[in-house]
Amino acid sequence: MTHSPRGSAPGLSIADRLPKYLFPRIGGTAAIALLIAILLVGLLIVPVLQVIYVAFLDPNTGALTLNNFKDFFGSSLFRESFGNSFYVSAVSVVMATIIAMPLAYITTRFNFGGSVIIQSLGFIPLIMPPFVGAVAMQLIFGRNGSVNLILRDKFGISIPFMEGLNGVILVQSIHYFPFILINLSTSLRNIDRSMEEAAQNLGSTGMRMFRRIVFPLAMPGYIAGAVLVFIKVFDDLGTPLLLNVNNMLAPQAFLRISSIGISDPMGYVISFILVAFSIFSLWVSFLFMRGKDYSTVQKGGGGLSKRDLSTREKWIAYGTVSLILLMVLSPHIGLLLLSFGTIWSYAPLPDDYTLQNFVVMWENSGTYISNTVLYAGLAATADVILGTAIAYIVLRTKLFGRQALDYMATASLAVPGVVLGIGYLRLFHGVQVPFSGEPMASWWVIIALALMVRRLPYALRACMAALQQVSISLEEAAESLGASKQSTIRRIVVPLMSGGILAGFVTSFATAAVELSATIMLVSSDSDAPLAYGIYLFMQTPSGRGAGAALGIVAVILVGVGTYASQRIIERDKKMRMSGDAH
Amino acid sequence: MTTNMVGIEIKDLHLSFGETEVLTGVNLTIEPGEFFSFLGPSGSGKSTLLRAVAGFGPTPKGQILIGGRDIVDLPPWKRNVGMVFQSYALWPHMSVRDNVAFGLKERKMPVSEIGPRVEAALDLVGLLSMAGRMPNQLSGGQQQRIALARTIVVEPQVLLLDEPLSNLDASLRVQMRRELLALQRKLGLTTIFVTHDQEEANTTSDRMAVLDGGVIQQVGSPQVLYDTPANLFVANFLGTANIIDGVVEKDGAAARFVTKTGDAIAVGDTTVNSGSIVLRPQNISIVAKDSANSISGTVMHREFLGSQIRYLVDAAGTEIVIDQSHVSGETWQDIGAEVSLNINSSAAVVLAS
Ligand SMILES: Nc1ncnc2c1ncn2[C@@H]1O[C@H](COP(=O)(O)OP(=O)(O)O)[C@@H](O)[C@H]1O
Ligand SMILES: [Mg+2]
């Protein structure tokens with residue numbers, strides 16, 4: 001039991017005897033963490049805070065002021081834009097709910113043959129950026145689009161589907177309803193059938209039971225999806241821009257900055273409002289979700305009880321699903337028709353079909369595509385490197401403040417692309433690229449950096465999930481066999497994470513490739529433009545639409561293949577691990 | 001493949017997770033070449049203590065000496081301590097051969113030497129033919145052997161095993177524990193074996209330590225611990241024990257343990273004045289009514305266990321378990337029968353309360 005306290009041993013140097021805080025020991029991991037923190041602060045926190053700060057500055061004197069906000073709300077155009085953005089987002093949520101609710105209800109409650117189709121249908125809209133389908137939607141649902149031409153011809157009526165704000169609402173709700181569908185179906189499936197049976201046992205049935213028991217239990221999932229839809233629509237720039245709806249917040253910010261310049265305070269005020277709304281909405285959904293983990297599946301349970309449909313109900317169900325399916329696929333159908341059509345104007349369908357659009361697209365889009373591969377490739381590579389490092393630091397070290405890295409990286413979800421774009425323009429304004437001397441704000445690398453920051457949360461989540469799958473004892477086994485931390489990371493951790501890292505790369509790459517809102521602010525010349533910007537340019541002229549649609553098809557294929565590949569990679573990985581775990 | 005045998009000494013070890021102290025004042029000496037077990041219920045701190053020896057978990061206060069050298073401040077990869085994990089922790093992305101070769105590669109051993117060493121280790125566990133397989137193509141028992149081969153191939157100074165058999169099914173468990181012991185004897189490797197299963201500990205260990213609540217309760221050979229438990233926890237944890245409260249009455253050299261109900265049991269010399277007496281079920285026999293030095297009671301319950309019959313007897317409110325070996329054709333006591341219990345007092349242990 002003789003215990004000689006360590007530290008009083010002889011042979012210590014003077015440095016060892018001095019207080020430790022004089023020599024803060026920064027290990028390798030801490031140095032890397034610090035580097036990442038600096039990167040995130042510099043490329044996310046500072047630009048956003050600066051945008052917010054500038055919103056409170058007098059443009060002439062540089063003094064702190066609330067005048068910009070006074071000017072903003074004093075202008076009828078801005079008041080209208082604000083109201084429109086809010087209205088469009090709210091109604092889009094309602095519309096998306098109307099689309100998603102029957103689908104979720106039918107697939108989770110009934111033995112319905114089309115359930116698999118509906119559940120995969122949920123992903124189809126997400127693989128097409130909403131702005132890509134916007135023009136095609138106009139040709140189908142617009143005043144002189146296919147549907148109204150037929151309606152006018154047969155019934156003498158027309159429905160203003162795409163007039164002004166309606167168009168934005170239609171395109172957005174068709175694009176974003178899957179967020180509600182997925183979340184709602186998951187919560188419905190997580191409700192144990194005993195919950196429902198208990199209610200029936202107490203005499204509550206049918207719609208009444210659905211309203212009083214099932215819906216409240218599914219509420220957290222619904223709110224999560226609805227809030228996501230609200231924010232996405234509120235922040236979106238591409239769709240209103242392509243539909244030529246400018247009296248909304250994001251387009252106004254873009255137009256002010258691109259036409260008046262980066263010293264105009266209104267863009268900053270709008271950015272402040274967009275960020276504030278994002279954060280506020282996330283906070284509200286957090287409040288709603290807190291303490292309401294309603295997952296009630298118990299042993300032997302397994303989702304709501306499903307019942308068979310009567311013949312009449314089956315017809316209604318198939319009818320509803322087909323109608324929704326047709327609507328959801330209309331942007332894709334429209335895009336296909338547009339890309340293969342010759343002239344499509346004042347007619348339900350194109351006059352003739354051709355491959356010419358693809359030829360034109362191919363001849364004019366080489367730069368767009370190579371730029372996209374370059375920017376999205378760089379961004380996604382950086383994302384998975386950062387994601388892996390952050391995941392390791394957060395999950396495997398005891399470093400002080402490690403959670404902050406996670407929070408910072410994830411915070412970029414709450415920053416609209418327009419705001420990040422404006423932030424970079426402001427931050428790099430007047431700064432020059434070392435050596436070449438060109439202005440930093442119009443340097444292509446800035447676009448890649450913006451994409452990197454925007455897509456980091458996706459890659460980070462994939463890396464976190466991958467590392468959580470790696471049992472710590474696999475690392476400890478390596479260490480006890482003589483492998484140092486670095487060696488363990490290199491030979492055990494990263495190889496075991498490789499599936500997740502690859503999936504993260506693919507997701508980041510595919511979504512970065514079709515990102516428009518930050519890119520459109522930062523592209524300074526056509527030669528630097530990526531694919532999404534190319535589609536935007538093509539769509540500006542009626543003669544370019546065909547080629548634009550063809551490029552849109554390329555984008556859809558890119559994202560579709562990417563999404564499919566990342567799903568496959570994750571599944572394959574899971575399989576290997578599962579069979580490896582079997583004892 | 002014999003190593004220089006080293007001993008392990010643990011001196012006044014304290015370990016906390018944050019505020020909660022999980023190991024309290026652990027002192028232990030493990031002899032070179034010994035097969036030593038940590039035995040205790042779940043949550044008693046066995047794994048924590050073992051992992052402290054391997055260098056995992058929070059840094060403890062106190063000393064851990066391996067071959068006389070304090071290793072508390074060394075990182076795991078500098079300790080040369082081999083650990084086999086409960087989940088085996090085979091790396092799923094490497095073949096069996098690469099798993100086993102890993103530690104040798106880390107030690108920068110020339111490739112020409114790695115091959116033969118890996119094969120020797122695989123041969124030792126009888127799985128040389130599996131070298132090319134991936135871990136997920138092996139059964140649980142095979143994975144277990146590979147994990148063992150991977151650890152011993154680097155010739156560690158000590159071998160640490162954390163519940164290595166718990167993921168195997170019952171029959172394989174018995175076979176593996178024999179193989180494990182045979183291998184340990186062959187290598188002469190100082191070994192610590194963590195288990196919550198007393199049968200595993202009893203059948204393998206030279207000596208063992210019983211842990212409860214992060215405190216070592218008793219150290220000794222399985223037989224010593226079973227026959228002379230140092231406290232009620234050990235008495236209860238190892239096998240079945242009848243524990244009866246009472247006082248010791250001394251009459252010159254002779255001592256008697258008098259229960260609360262007034263029954264007296266002759267006991268050997270003891271310093272205890274009042275406390276409990278520990279009686280193993282097989283040291284009590286049912287005898288004809290009214291023989292001397294006995295306790296009377298009523299048979300409440302009877303279970304036939306094959307080699308034994310277990311009776312539950314109510315002796316004036318105290319329930320006593322009695323095991324009688326079963327002889328073919330004998331007649332059993334009926335439920336409700338009035339019986340006398342004869343106690344083998346040389347096997348009784350008196351513990352202070
Ligand atoms: N990582 C940890 N953090 C906090 N407490 C822990 C941790 N690991 C173990 N403990 C606690 O330490 C005690 C001993 O655990 P352990 O050594 O795993 O027990 P055993 O292996 O004997 O079942 C338990 O009370 C457990 O809750
Ligand atoms: Mg344990």
Side chains of [X] and [Y]: does their closest heavy-atom pair fall under 4.5 Å?
X      : Y      : answer
B:M83  : B:R51  : yes
B:L189 : B:F35  : no
B:F193 : B:L160 : no
B:I114 : B:K105 : yes

Test of understanding: with side-chain hydrogen bond (donor to acceptor under 3.5 Å, both in side chains), list the residues that count as partners of [X], not counting sequence neighbours.
X      : answer
B:E179 : B:R145, B:Q175
B:R207 : B:E34
A:E479 : A:K485

Heaviest contributor of heavy-atom pairs below 4.5 Å to chain A, chosen from B:M134, B:R107, B:E106, B:E9, is B:E106
Among B:G55, B:A54, B:P76, which residue has the highest count of heavy-atom pairs closer than 4.5 Å to chain A?
B:P76
Where on [X] is there a heavy atom nearer than 4.5 Å to chain A: the side chain, the backbone, both, or neither?
X     : answer
B:I10 : neither
B:F85 : side chain
B:R79 : neither
B:M94 : side chain

If the contact rule is any heavy atom under 4.5 Å from chain B, which residues of residues 387-400 of chain A qualify, in numerical order?
none
B:W91 six-ring centre to B:R150 NZ/CZ under 6.0 Å and within 45° of normal:
yes
Begin with the C-alpha distance, continue with both residues' side-chain angles, and end with the deciding distance and a verdict on side-chain hydrogen bond (donor to acceptor under 3.5 Å, both in side chains) for B:N99 and B:S95.
CA-CA 6 Å; B:N99 263 278; B:S95 67; over 6 Å; no
